[in-house]
Amino acid sequence: MAMLARSVKRVSPFRLASLLRSEKDPSLALQLFRSVNPSPEAKPFRYSLLSYDLVITKLGRARMFDEMEQVLGQLRGETRFSVPEPLFCQVISFYARARLFDRALRTYRSIPGFRCRRSVKSLNSVLHALLKCREYDRMDEVLDDFRNHANPDACTCNILIKALCGSGRLEDARAVFDEMPVRGIRPDGVTFLTLINGLCSNSMLEEAFKLKDDMVRVHGIRPDARVYASLMKGSCKVGDVNMAFGLKEEMLRERIELDAAIYSTLIHALNEVERTAEVSGLLEEMRENGCKPDTVTYNVLISGSCKKKDIDEAYRLLDAMAENGCKPDVTSYNVIMGELCKEGKLDEATDLFEDMPRRGCTPDVVSHRILFRGLCEKMQLKEAAFLLDEMVFKGYTPHDASIYKLVDLLCQEENHELLLTVLNSFRKGKAMKADYWTRMISLACKNNEFSSIELVDHLITS
DNA sequence: GTAGGGTTAG
């Protein structure tokens, strides 16, 4: 493909778009995109909107944001066409996924500069980005500004309700819901699900059940499996597993399809209250209803086996997953690793951690934190220091408690060499907060003949 | 190509 990218000098805009579409590598796609416009003196290539769209989307998916912004900048200068709004929604969601809320906001505000009118769709995209980044305060600003020229819709309200529930402001969430009809907005299935979910996670079961009834009676919307899953989880949260099973019966009566998520929720509930003898019956019923366990179901089963300290069973389930066509995911491994660490089997946990990539699964932040914590707790300090460096390199932050433990133990052991290695890792970590640093150094100096001057000096010169 | 559920870790 690299050969191809270099060789394309004279193609039609249409041909460029089709070449871009089939190019999987985002860097090569960008190279291809640029190759048709070799010099600023030459007659500018008449890129099609589709070519812009394709290359922006590919760069965004690959998180190559600086490059994506460059192409967007070029697109802004193209006066031949106005840019359709969904492209911006897409860009905003890329930034949301990367938790770059300020970039999402900037994109939203830049839309008019692309000869495009902002509608409620891009508003909702940016609100959702702010929700994902937990930047609740900024949501009001954006919304107030928007209200001056257009009206929010049901989706806007759903995002607001979700944000308010997420910050524990259930009353305010309810107020948004109650105001919807006043503003001429009809609540939909998502509205009910979001609010019921919020009520359930805050243990406000009575109101949640009332809302489910109103949903059918007043609004004529049938609750689906998602609503039931929320209610079941809420029931279990307040300790009423039987109520969760009652809801399952209700679903059967009302002929609402029970899916794998429902069974996963119930099996998890049984694990929690140690009624594990009932799990096999539930799995049997699942099979009879023609409902196949998915990855999450298996993960729940794996965590159940781990809870019973039956690691062999957990491994068997891992194999069974592959046989039944669902791939173990990072959670499957994290659960087993967590149990291995808890049992002090650090070598085995490390082996599994290192084996994950070969098994087609990349360890995530959680995997690293689990192993790091295990190593610190079992005093495998050298290994912990090594892993810490790897984490810092990947931009992962360990939990505070694990770090304190590690530094504390190194101080107790008066292991100056390793302590410096650890502090050096911190120095490399851009994500580390400044105050964290000071605390770490003072902890390192305590019970230790290091003077802080000496330490800092050492770190600066090394 | 706007919004929503179930598992793990803290």
Can I get a per-line list of side-chain donor-acceptor pairs under 3.5 Å for residues 196-209 of chain A, giving both atom names and the distance, sequence neighbours left out?
from: N197(A); atom 1: OD1; to: S230(A); atom 2: OG; distance (Å): 2.9
from: S201(A); atom 1: OG; to: N197(A); atom 2: O; distance (Å): 2.5
from: N202(A); atom 1: ND2; to: G198(A); atom 2: O; distance (Å): 2.8

Regarding [X], tell me which of base, sugar-phosphate or nothing describes its non-hydrogen contacts under 4.0 Å with the strands shown.
X: D53(A); answer: base
X: D364(A); answer: nothing
X: N334(A); answer: base
X: D329(A); answer: nothing
X: I267(A); answer: nothing

Between the side chains of N334(A) and T331(A), is a donor N or O closer than 3.5 angstrom to an acceptor N or O?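 Distance-only check fails for N334(A) and T331(A).
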Are N158(A) and T191(A) close enough that a side-chain donor and a side-chain acceptor fall under 3.5 Å?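 Result is yes, a qualifying pair exists.
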Would you give me the side-chain donor-acceptor pairs under 3.5 Å for residues 375-388 of chain A, sequence neighbours excluded?
none

Aromatic ring centroids of F353(A) and Y333(A) under 6.0 Å?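 Between F353(A) and Y333(A), the centre distance exceeds or equals 6.0 Å.
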First and last nucleotide of DNA chain B touching chain A, 5' to 3', heavy-atom cut-off 4.0 Å?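 The contacted stretch runs from dG1(B) to dG10(B).
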Do R369(A) and Y396(A) meet the cation-pi criteria used here (NZ or CZ under 6.0 Å from the six-membered ring centre, within 45° of the axis)?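 Pair R369(A)/Y396(A) does not count as cation-pi.
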